Each structure stands twice: as structure tokens, then as C-alpha cells.
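These numbers were taken from a predicted model, which means no experiment stands behind them.
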Amino acid sequence: MSKKLLKQLTGPYILTEKNPEISLSIVIPTLEEAQNIAILLERLLILLDKKLPNDYEIIVVDDDSQDQTWQKVLDFEKERDNIKVIRREKEKGLATAVMRGWQISRGKYLAVMDGDLQHPLEPLLEMLDLIEKNDLVVATRCAKGGGYDNLCFKRKTISKVARIIGSFVLPKIVKRVSDPMSGYFMLKRSVIENIEMKPIGYKILLEVIARGRIKKITEVGYRFDVRVGGKSKINNKQYLQYVWHLLKLQVASWPILRLKKWIAVGLTGFAVDMFAFFILLTFFDFHVAISAFLSAEIAIINNFFWNDRWTFGDLAKKTPGLYRKGMRFWKFNLICLSGLLLHTLILSWMVQSQGLDPYFAKVLTIIIVSIWNIILNFRYSWDVPSQQEEINQKD
Ligand code: GDD
Ligand code: MN
């Protein structure tokens with residue numbers, strides 16, 4: 001059998017579960033790499049025919065390059081059927097290309113590397129040795145043995161700034177690796193099987209770490225070589241896409257269902273508060289301030305009851321016992337009361353010293369205090385795991 005052009009995939013980016021037929025599938029995304037691809041393939045064959053004879057495949061995903069990179073691959077060692085090509089005429093982009101390649105792959109381990117010879121080959125062997133005991137192995141420029149001295153000052157700086165922004169927006173994900181920008185890594189197929197990926201821009205690694213089932217990550221250092229033929233396709237649009245991607249992944253990590261339940265409970269709290277306030281004021285003849293304080297406390301108790309039962313019921317079950325329930329209650333109470341105090345302080349500051357319209361100030365204050373309440377209670381009262389941690393805990 002000889003090489004042939006594979007069908008372009010459409011639809012969601014999901015790797016459906018299947019039994020791997022070979023050990024390794026390497027995906028190489030290309031755009032205008034006619035000058036480099038044949039040299040790279042040749043080197044890969046020499047390396048892998050020795051290391052994994054008949055047990056690997058190379059999948060080039062080309063975005064219909066003007067310089068006919070895809071044709072170069074077809075012409076290269078025509079009888080080899082473990083080299084495959086997808087020529088994408090509609091879909092574009094580096095991250096989606098990598099996903100499409102993995103989707104048609106048959107390997108137990110999936111890898112990605114650049115097609116421009118900037119990634120040296122040795123790390124591939126190291127990654128192969130390490131992947132068995134890990135879920136993801138990243139070739140990094142920032143660890144021992146790694147470097148990017150050859151990169152120009154601008155690219156180096158951008159790379160570092162990008163990492164800083166990333167650690168700020170998505171610390172739990174970005175800080176798991178030293179080089180979150182890396183486009184050279186290997187993972188177990190099972191890491192992303194049956195999970196819908198939403199690749200954007202250049203950074204497929206972020207997507208894999210954010211959505212995949214990854215417990216163990218290790219790294220190998222490598223030196224990023226100078227590009228000899230062709231040119232880099234990275235541009236300002238990709239930097240913007242990177243920031244957009246970070247924000248999307250941050251939102252994806254929110255426990256949305258819990259937030260909805262939390263808001264519903266908050267609404268019952270509001271009703272309880274109003275009702276109790278009315279009763280205390282009219283039937284018990286309490287002072288307004290005392291009625292307000294007592295009714296707020298009654299609402300807090302109401303909210304705790306429903307949140308502990310419903311919003312975080314699953315988490316509460318994992319930490320049973322009256323003592324721990326009591327601890328959750330006190331934390332919740334303290335955070336809500338501090339929120340109340342904050343509410344008064346912020347509101348009077350906004351209206352009295354800043355001269356803001358009282359109704360506008362009230363809305364702003366409610367938003368600020370709600371965020372305060374949510375962040376602190378999710379974190380300290382119930383210790384809510386992120387979406388990601390929930391995925392990892394299930395397996
Ligand atoms: N199919 C496809 N579609 N391939 C693409 C596209 C695209 O839109 N854009 C780039 N590629 C291919 C290139 O042909 C090359 O094989 C590889 O993706 C990397 O692209 P370069 O344009 O050479 O990227 P770079 O050298 O600037 O960036 C490299 O280093 C970064 C770290 O600084 C890549 O490895 C990045 O992934 C990495 O983040
Ligand atoms: Mn490059």
C-alpha cells in the first residue's frame with residue numbers, strides 16, 4: 001500500500017476511545033514548510049525505524065500550503081504507509097491542525113512537533129522513555145538542558161511575558177509546566193479520549209493540560225534551534241488569541257452548576273430576610289437596626305442549610321460529622337457577616353466620600369460583596385474543586 005491523502009475531518013474535536021494499534025503517533029502541523037519537511041521526515045525515519053520498528057506513524061497536517069508542503073510529503077518515500085497527510089482546505093490554524101491529526105491517529109502515545117526543524121529529535125526518545133510513567137511529557141526550553149538563546153530578544157521577552165500573564169489568569173494550569181508555550185510534547189491517548197477540546201490559536205498544550213485527565217507531568221529540556229528555511233507564522237493575532245484562550249479556559253474551570261444553585265439559594269435568602277425583617281419589626285416591635293441584623297442572620301442560616309444540602313451536598317457528604325458541619329457553618333457565617341460589614345463600609349464610602357449616586361453605588365456594592373462571598377465560601381467553607389480537579393478525581 002502506498003501513501004495517500006486522508007480525508008479532512010469536520011465536527012467537534014473529540015478523540016473517540018479506541019484500542020491503540022501502535023505505540024506512537026507523531027503529528028506535525030505544517031504551513032509552508034516545503035523546504036523543511038522532507039529533511040525532517042528523513043531524520044525521523046532513521047530515528048524511529050530503529051527505536052520503534054513498525055510501531056509508529058507520522059501524520060502531517062498541512063493547511064493547503066502554497067508551496068505544496070502536502071505534495072512533498074506524498075512524494076517522500078512513496079511506499080511508506082506509516083506516513084500520512086491531511087491537506088486541509090477549509091479549516092485553518094495550528095491548534096486545530098494538531099487535534100485533527102490526533103483524531104485520526106492509532107497510537108497509544110500521541111506527540112506533536114514542529115515541521116521546521118526547530119525541534120531537535122533527541123528529546124523525542126527521552127519523552128518515549130518517560131511517557132509510560134507519566135501522562136504528559138513536555139519538551140521545554142526553560143528546564144535543565146534547555147534554552148532558547150537563539151531566539152531573538154523580542155520573541156524571548158514575549159514568551160516570558162506570556163508566561164507571567166498565564167500564571168496570573170490560570171495559575172493552576174500554567175504553573176504546572178515551565179514552558180506553557182511549548183509546541184513539543186507527548187501524552188497518553190487516554191488523557192484526552194472522549195473529552196471535547198476547543199483548540200484556539202497556537203497553544204494546544206494549554207488546552208491539553210486544562211481539559212485533559214492529567215495527574216503526572218514531567219519535562220525534558222531542549223534547545224530551540226534557529227529556523228533555517230521558511231519563516232515563522234506567529235503574529236500579533238496569535239498573541240491576542242493566547243490571552244483569549246486563557247480567559248476561556250479560566251471560565252471553563254468555574255463550577256457553573258454550583259454557581260447557579262448558589263444564586264437560587266441566595267434568592268430564597270433574600271425572601272427569608274425580607275419576611276423575617278417584617279415580622280420582627282411589626283410583631284416583636286424590635287428596633288430597625290436589630291431587626292435588620294437578626295433577619296440577616298436568619299437568612300444566613302437559611303442559606304447555609306440549603307447550600308450545605310444542595311449546592312455542595314456532594315462535598316458535604318465526603319466530610320461527614322456534626323463537628324465538620326459546625327465548622328462549615330461558622331466559616332460561612334463569618335464570611336457572610338464580614339461581607340455585610342464590607343457592604344456597609346463600601347456603600348458609605350462610595351456615597352459619602354465619592355459622591356456616587358446611592359442606587360448605582362448599591363448595585364456596585366452588591367456585586368463586589370457577592371464576589372467576596374462566593375470566592376471565600378467556595379474556597380474556605382466547602383473547598384470546591386475546579387472543573388478540572390473534578391475530572392481528574394473521577395478517574
Ligand atoms: N497546519 C498548520 N496551520 N500548521 C501551522 C500553522 C497553521 O496555521 N501555523 C504554523 N504551523 C506550523 C508551522 O509550519 C511549523 O511546523 C509549526 O506549526 C510551528 O510554527 P512556527 O511558525 O515555526 O512557530 P514558531 O517557531 O514561531 O513557534 C514555535 O515555538 C513556540 C514557542 O515559542 C512553535 O513550536 C510553537 O508551538 C511554540 O509555542
Ligand atoms: Mn518555528
Handout entry: Beyond-backbone contact of R80 with I58, side-chain heavy atoms, under 4.5 angstrom
Key = no
Fill in the blank from the handout: Between K215 and the options N134, L136, D135, the side-chain contact (heavy atoms from CB on, under 4.5 Å) test singles out D135
Problem - Candidates L110, I59, L124, V112 - the one meeting side-chain contact (heavy atoms from CB on, under 4.5 Å) with I26 - result: L124
Practice task
Please confirm whether the backbone N or O of D114 pairs with a side-chain atom of H119, one donor and one acceptor, at under 3.5 Å?
Solution key: yes
Handout entry: Joint hydrophobic cluster, V27 plus L6, side-chain heavy atoms closer than 4.5 Å
Key = yes
Problem - Single-linkage hydrophobic cluster, 4.5 Å side-chain cutoff, V98 and I104 together - result: yes
Practice task
Compute whether any side-chain donor of one residue and acceptor of the other, for R141 and S178, lie under 3.5 angstrom apart.
Solution key: no
Handout entry: Salt bridge present between E207 and K198 (N-O < 4.0 angstrom)
Key = no
Practice task
May I ask you to say whether E33 pairs ionically with K233, meaning some side-chain N is under 4.0 Å from a carboxylate O?
Solution key: yes
Problem - Of all pairs that satisfy side-chain hydrogen bond (donor to acceptor under 3.5 Å, both in side chains), the ones with a partner from residues 319-336, not counting sequence neighbours - result: E297-N333, D308-K325, D308-R328, T319-R328
Completion exercise
Exactly one candidate in R258, K261, R309 meets salt bridge (Lys or Arg N to Asp or Glu O under 4.0 Å) with D314; the answer is R258
Fill in the blank from the handout: Value for NZ (K51) from CG (L48), rounded to nearest 0.5 Å, stands at 9.5 Å
Practice task
Run the ring-centre check on Y13 versus W102 and record whether the distance is less than 6.0 Å.
Solution key: no
Handout entry: 4.5 Å side-chain heavy-atom contact, D129 and E126
Key = no
Practice task
Identify whether the distance between the nearest side-chain nitrogen and carboxylate oxygen of R227 and D116 falls below 4.0 Å.
Solution key: yes
Exercise for the section: Over 60° means perpendicular and under 30° means parallel, so classify the ring planes of F224 and Y222, tilted if in between. Expected result: perpendicular
Problem - V137 and P123, any side-chain heavy atoms less than 4.5 Å apart - result: no
Handout entry: Check: Y184/Q118 side-chain N/O donor and acceptor closer than 3.5 Å
Key = no
Practice task
Return yes if some donor-acceptor pair links the side-chain N/O of S295 with the main-chain N/O of A276 below 3.5 Å, else return no.
Solution key: no
Handout entry: Which atom of I158 lies closest to which atom of Y239, heavy atoms considered
Key = CG2-CE2, 3.2 Å
Completion exercise
In this structure, OG of S105 is separated from CG of L15 (nearest 0.5 Å) by 5.5 Å
Using distance only, find each side-chain donor-acceptor pair of residues 359-368 under 3.5 Å and give its atom names and separation, not counting sequence neighbours.
from: K362; atom 1: NZ; to: H343; atom 2: NE2; distance (Å): 3.0
from: T365; atom 1: OG1; to: A361; atom 2: O; distance (Å): 2.6

Practice task
Using a strict 4.0 Å threshold on nitrogen-to-oxygen distance, state whether D62 and R87 make a salt bridge.
Solution key: no
Problem - Cluster link L74 to L31, ILVMFWY, side chain under 4.5 Å - result: no
Exercise for the section: Could you label the plane-to-plane angle of the W382 and F312 rings as parallel, tilted or perpendicular, counting under 30° as parallel and over 60° as perpendicular? Expected result: parallel
Exercise for the section: For residues P255 and V384, report the shortest heavy-atom separation together with the two atoms involved. Expected result: CG-CG1, 4.0 Å
Exercise for the section: Indicate yes or no for a side-chain donor-acceptor contact from Q352 to the backbone of W349 under 3.5 Å, with no hydrogens or angles considered. Expected result: no
Problem - Path from V369 to V351 over hydrophobic side-chain contacts below 4.5 Å - result: no
Problem - For M186 against L24, the heavy-atom pair lying closest together - result: CE-CD1, 3.8 Å
Exercise for the section: Answer with yes or no whether the side chains of T268 and N302 bring together a donor and an acceptor at under 3.5 Å. Expected result: yes
Practice task
Can you see which heavy atom on V272 is nearest to which on A299, and at what distance?
Solution key: CG1-CA, 4.1 Å
Problem - Linked, directly or transitively: I200 and L206 (ILVMFWY side chains, under 4.5 Å) - result: no
Exercise for the section: May I ask you to test the I28-L44 pair for a side-chain heavy-atom distance under 4.5 Å? Expected result: yes
Exercise for the section: Provide the closest heavy-atom pair for I300 versus F332 in the form atom of the first, atom of the second, distance. Expected result: O-CE2, 3.3 Å
Practice task
Might you point out which heavy atoms bring A296 and L340 nearest each other, and give the distance in Å?
Solution key: CB-CD2, 3.9 Å
Problem - Salt-bridge present (D63, K92; N to O < 4.0 Å) - result: no
Handout entry: Minimum side-chain heavy-atom gap L47-L125 below 4.5 Å
Key = yes
Problem - Polar side chain donor-acceptor pair, Q8 to E91, under 3.5 angstrom - result: no
